[in-house]
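The next block holds one structure in the form of structure tokens; read it before the comments.
In what follows, chains carry the letters A, B, and so on, assigned in the order in which the sequence lines appear, proteins first and then strands, with residues in each chain numbered from 1.
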Number of protein chains: 2
Amino acid sequence: MGTMENEPTHACLGEQHAENGVAVQLPDPLVCARTAAIFRALGDVSRLSLLALLAQREMCVSELTEKLSDNLPAISQRLKLLRSERIVRSRRQGKHVYYSLADNHIALLISNGLEHGSEEPHG
Amino acid sequence: MGTMENEPTHACLGEQHAENGVAVQLPDPLVCARTAAIFRALGDVSRLSLLALLAQREMCVSELTEKLSDNLPAISQRLKLLRSERIVRSRRQGKHVYYSLADNHIALLISNGLEHGSEEPHG
DNA sequence: CAATGAGTTGATTGATTGATGAATTGATCG
DNA sequence: CGATCAATTCATCAATCAATCAACTCATTG
């Protein structure tokens with residue numbers, strides 16, 4: 001819109017904000033982007049349910065379909081998205097394609113999240 | 001399997017899927033829903049950048065606005081959403097409202113995520 | 001109590017995104 | 001090879017979501 005580039009609408013006029021003397025460092029935009037992408041991928045009930053199963057053991061698409069009482073193309077779509085974010089890995093064996101969590105870091109992220117979700121009293 | 005209700009489009013016909021003999025337990029839908037909501041809230045670059053700042057120390061809305069070079073209403077909106085998910089807490093002091101991460105569990109979730117996002121080579 | 005600065009709320013709009021089902025590929029076996 | 005089961009891909013449509021800005025609240029100060 002304006003030629004005024006990036007002018008903040010509001011700001012504490014002239015106030016010094018380092019009240020406690022501790023300077024903060026801006027997060028790396030690239031790191032934030034990658035991390036947010038992962039969180040976004042985990043932030044869907046269907047996908048998270050799927051991952052909660054894969055956190056227990058490797059499973060093929062049809063078994064996931066069966067356990068989640070959903071249709072196979074839907075599961076496959078979700079797995080594709082999760083694989084594009086390197087959250088799951090796939091391995092073909094005959095007619096079946098087996099999926100598992102990509103690494104232990106992801107497994108921890110998921111179990112920590114689920115733990116938090118379990119503990120929450122309510123709201 | 002009795003009636004036609006909820007018939008999956010595809011399934012491994014008659015195959016036994018517990019090849020390794022380990023039964024999986026379905027995740028609690030309520031836990032999944034709450035956890036997914038938290039992950040979804042973390043899964044946005046603007047919100048995550050904001051949280052990365054709050055992970056360092058408590059800050060008021062204007063300081064966040066300044067550090068993130070954004071406009072105040074936008075920041076406030078994001079904080080509102082994060083507060084509704086109990087990810088941040090707010091505390092008023094005079095004209096200023098100070099925000100911080102809601103609890104240590106959330107702080108860990110965020111720092112673990114960012115750590116993962118830093119390590120990833122790329123693709 | 002008027003003025004000002006800090007923050008919130010509400011409504012609208014544009015962009016993402018997830019669900020769905022048909023068509024396609026890949027693999028095994030008779 | 002042709003049949004069949006497993007899985008992926010593609011395109012469309014509806015629902016969700018984030019940005020934006022004006023209007024409003026709340027607290028302080030002159």
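- Taking CD1 of Ile75(A) as the start and CG of Leu50(A) as the end, the distance is 5.0 Å to the nearest 0.5 Å.
- When each of Lys95(A) and Arg83(B) is assigned the nucleotide of DNA chain C bearing its nearest heavy atom, the one mapping closer to the 5' terminus is Arg83(B).
- For the pair Arg92(A) and dA6(D), the criterion of a side-chain N or O lying under 4.0 Å from OP1 or OP2 is not met.
- Atom CG of residue Leu51(B) and atom SG of residue Cys32(A) lie 9.0 Å apart, to the nearest 0.5 angstrom.
- Within residues 48-56 of chain B, no residue has a heavy atom under 4.0 Å from DNA chain D.
- The stretch residues 36-44 of chain A touches DNA chain C through Arg40(A), Asp44(A), each having a heavy atom within less than 4.0 Å of the strand.
- Among the protein residues, Leu81(B) comes within range of the sugar-phosphate backbone only, with heavy atoms under 4.0 Å from sugar or phosphate atoms but none that close to a base.
- As rounded to whole Å, 14 Å separates atom P of dT8(D) from atom CZ of Arg91(A).
- Side-chain nitrogen and oxygen atoms of Ser62(B) include none within less than 4.0 Å of the OP1 or OP2 phosphate oxygen of dA6(C).
- A salt bridge is defined here as a Lys NZ or Arg NE, NH1 or NH2 lying under 4.0 Å from an Asp or Glu carboxylate O, and Glu63(A) with Arg57(A) meets this definition.
- As rounded to whole Å, 13 Å separates atom P of dT8(D) from atom CG of Asn71(A).
- Of the listed nucleotides (dT9(D), dA7(D), dA6(C)), dA7(D) has the atom at the smallest distance from the side chain of Cys60(A).
- Atom CE of Met59(B) is separated from atom C1' of dG7(C) by 17 Å (rounded to the nearest Å).
- Distance from the side chain of His96(B) is smallest to dG7(C) among dG7(C), dG18(C), dA6(D).
- Between His105(A) and His116(B), the two ring planes are perpendicular [angle over 60°; tilted spans 30° to 60°].
- Considering only residues two or more places apart in sequence or on other chains, Ala55(B) meets the side chain to side chain contact (heavy atoms under 4.5 Å, CB included) condition with Leu101(B).
- Between dA6(D) and Tyr99(A), no contact under 4.0 Å exists linking OP1 or OP2 to a side-chain N or O.
- Whole-Å rounding puts the Arg78(B) CZ to dC17(D) C1' distance at 13 Å.
- Glu63(B) places its CD atom 15 Å from the C1' atom of dG7(C), with the value rounded to the nearest Å.
- Val24(B) and Leu72(A) end up in the same hydrophobic cluster when Ile, Leu, Val, Met, Phe, Trp and Tyr side chains are linked at under 4.5 Å.
- Of the candidate nucleotides dT9(C), dT20(C), dT8(C), dT8(C) has the atom nearest to the side chain of Leu72(B).
- Each of Ser90(A) and Gln93(B) was matched to the nucleotide of DNA chain D holding its nearest heavy atom; the match closer to the 5' end belongs to Ser90(A).
- Closest to the Pro73(A) side chain, of the nucleotides dT28(C), dT9(D), dG7(C), is dT9(D).
- For residues 50-80 of chain A, the set of pairs meeting the ring pair (Phe, Tyr, Trp, His ring centres under 6.0 Å) definition, not counting sequence neighbours, is empty.
- Spacing between atom CG of Asp70(A) and atom C1' of dG21(C) amounts to 13 Å, rounded to whole angstrom units.
- When the C1' atom of dG7(C) is taken as reference, atom OH of Tyr98(B) falls 13 Å away, rounded to whole Å.
- A donor and an acceptor atom sit less than 3.5 Å apart, one in the side chain of Gln77(B) and one in the base of dG10(C).
- Listed by chain and number, the residues in a side chain to side chain contact (heavy atoms under 4.5 Å, CB included) with Ser76(A) amount to none (sequence neighbours excluded).
- When the P atom of dT9(C) is taken as reference, atom CD1 of Ile75(B) falls 15 Å away, rounded to whole Å.
- Atom CG of Leu54(A) and atom CD1 of Ile110(A) lie 8.0 Å apart (nearest 0.5 Å).
- Using a 4.0 Å cut-off, no side-chain N or O of Ser76(A) falls inside it from OP1 or OP2 of dA6(D).
- Within the structure, no pair that satisfies the ring pair (Phe, Tyr, Trp, His ring centres under 6.0 Å) test touches residues 57-80 of chain A, not counting sequence neighbours.
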